[in-house]
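Below is one structure, written out as structure tokens; the observations come after it.
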Amino acid sequence: MIHGLPSMKSIKSLKSLVKRKTNAQEVCKSGWKMKPFLALMCTALLIFWYKTTNIQFEQTEIEETDYPFDMAKESEAVNDKLKGLPRGIIQSRSDLELKPLWSRGSLRSKGVEMTNRNLLAIPVGLKQKGNVDALVKKFLPANFTIVLFHYDGNMDKWWDLEWSSKAIHIVAQNQTKWWFAKRFLHPDVVSIYDYIFLWDEDLGVENFNPERYLKIVKSVGLEISQPALDHNSTEIHHKITLRSKTKKFHRRVYINRGHKRCSNTSSDPPCTGFVEGMAPVFSKAAWLCTWNLIQNDLVHGWGMDMKLGYCAQGDRTKNVGIVDSEYILHQGIQTLGESVPEKKKTARDVGTRRQGHTTFDSRTEIRRQSTWELQTFKERWSKAVEEDIKWIDPSSSSSMTKRKSNGNNRRLRRGSSSSHRVKHKRSQETSRTTTTHK
């Protein structure tokens with residue numbers, strides 16, 4: 001070892017020191033290079049967080065409007081009544097599927113696969129038995145549950161039909177489709193069915209296939225629909241329900257003459273967002289809303305067709321439509337409440353005089369009752385809209401603007417309140433400073 005020269009160890013330590021310094025400088029340089037990127041990432045995250053929070057706030061406000069506190073209280077009251085039961089045993093829903101009185105042991109544990117089930121419900125009278133038979137036979141192969149509402153009391157004469165024992169039969173004398181539906185098709189009872197067909201009995205289905213129909217409905221997102229009416233149908237009340245031979249489906253109609261004009265800008269029924277009461281088809285969600293719309297004491301359903309679009313789970317101009325490729329024939333045969341002879345009625349009671357015998361014109365009386373129910377329904381709707389100050393008409397062109405402005409107003413209020421707090425705090429600090437100087 002030569003004195004005055006650094007040792008090998010000191011040289012190595014010097015090299016490592018220089019290397020560390022170089023590494024530190026490189027890290028520093030790379031850190032400075034990364035800073036703009038990190039700043040950009042932080043800014044992007046802050047913007048994303050703000051927008052997400054803002055959307056969540058607006059959604060909460062909308063939900064509070066759509067589901068008022070009264071509904072939550074009602075649900076809590078029901079839950080209080082169920083406190084005596086363990087939660088796992090509670091079944092709040094049912095169905096309309098027939099169950100056997102007994103089954104083999106191997107089948108008991110398997111149960112029944114309840115997928116892609118649909119429901120067909122029809123009010124029926126014996127005079128339309130042949131037409132109902134043809135109608136039901138179209139639906140059974142498509143995995144439909146059949147419910148017949150017997151309004152004439154003649155249920156026993158249906159058992160000769162091969163499918164009759166597989167159907168649900170409900171009997172009530174001289175009751176309408178909407179009366180039956182309100183009482184026996186509660187949403188909790190029909191919740192397993194994807195679509196509910198609530199049809200009249202006088203519909204010809206020669207050109208209708210339920211499976212093809214539902215395929216179209218699902219593909220275009222129709223929550224409420226009906227098959228188009230054949231041009232040979234009787235009693236076509238609204239042009240929108242008439243079949244278009246060149247389309248698979250349609251959502252609106254165009255009318256250039258008459259007192260009711262319909263164009264591409266029309267947003268109200270019956271120009272768009274409309275189906276008629278003879279053959280409506282509802283999705284599960286739309287039926288829950290519709291069932292609540294049906295008035296318990298207004299059994300003819302007049303006026304309700306103009307409001308069904310409010311149950312379309314969104315924009316009625318998009319979610320309500322008529323299927324043209326699968327169409328039906330409306331025969332217009334009215335058998336519910338047919339004219340029946342009544343003895344010892346006076347002309348004052350009915351208006352038709354025969355010596356000792358009077359024919360009671362039930363159709364005229366039904367029309368009078370329906371007209372009165374229509375007026376009553378309109379009055380109830382107007383009153384409900386007036387009283388519900390939180391309700392915003394979703395079909396109104398200004399409804400979205402109102403919601404946005406309400407959200408903006410809330411944010412402005414929050415901003416103004418926070419700025420007010422800042423100003424108040426500053427004034428307090430200023431007053432304290434002034435007092436100190438004094």
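Note: hydrogens, waters and symmetry copies are ignored here, and every other heavy atom, side chains too, is used.
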For [Y], is there an ion pair with [X] - N to carboxylate O distance below 4.0 angstrom?
X: Asp133; Y: Lys129; result: no
X: Asp200; Y: Lys177; result: yes
X: Lys182; Y: Asp297; result: no

Got a sec: does the [atom1] of [X] have more than 12 other heavy atoms crowding it under 6.0 Å?
X: Glu379; atom1: CD; value: yes
X: Leu98; atom1: CG; value: yes
X: Lys138; atom1: NZ; value: yes
X: Gln173; atom1: CD; value: yes
X: Arg183; atom1: CZ; value: yes
X: Leu85; atom1: CG; value: yes

**Request:** Please report the C-alpha distance between Asp393 and Tyr310 in whole Å, then the side-chain angles of each, then the deciding distance to 0.1 Å, and finally whether the side-chain hydrogen bond (donor to acceptor under 3.5 Å, both in side chains) criterion is met.
**Result:** CA-CA 9 Å; Asp393 189 342; Tyr310 287 99; 3.2 Å; yes
Please examine the side chains of [Y] and [X], heavy atoms only from C-beta on, and report whether any two atoms are closer than 4.5 Å.
X: Phe274; Y: Asp305; result: yes
X: Arg316; Y: Thr272; result: no
X: Arg367; Y: Trp302; result: yes
X: Asn118; Y: Tyr193; result: no
X: His150; Y: Leu126; result: no
X: Pro270; Y: Met306; result: yes

Please check if any side-chain donor atom of [X] sits under 3.5 Å from a side-chain acceptor atom of [Y], or the reverse.
X: Tyr213; Y: Ser325; value: no
X: Gln369; Y: Glu365; value: no
X: Asn131; Y: Gln331; value: yes
X: His237; Y: Glu276; value: yes
X: Glu97; Y: Thr145; value: yes
X: Glu201; Y: Tyr151; value: yes
X: Asn296; Y: Trp179; value: no

**Request:** Using the six-membered ring wherever Trp is involved, compare the ring planes of Trp391 and Trp381 and label them parallel, tilted or perpendicular (cut-offs 30° and 60°).
**Result:**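 Answer is perpendicular, since the angle exceeds 60°.
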**Message:** Tell me whether the rings of Trp159 and His169 are parallel (<30°), tilted (30 to 60°) or perpendicular (>60°).
**Reply:** tilted
**Cation-pi, Phe144 ring and Arg117 (6.0 angstrom, 45 degrees)** =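 Cation-pi check for Arg117 and Phe144: fails.
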**Request:** Search all heavy atoms of Val220 against all heavy atoms of Arg251 and return the closest pair with its distance.
**Result:** O-NH2, 3.1 Å
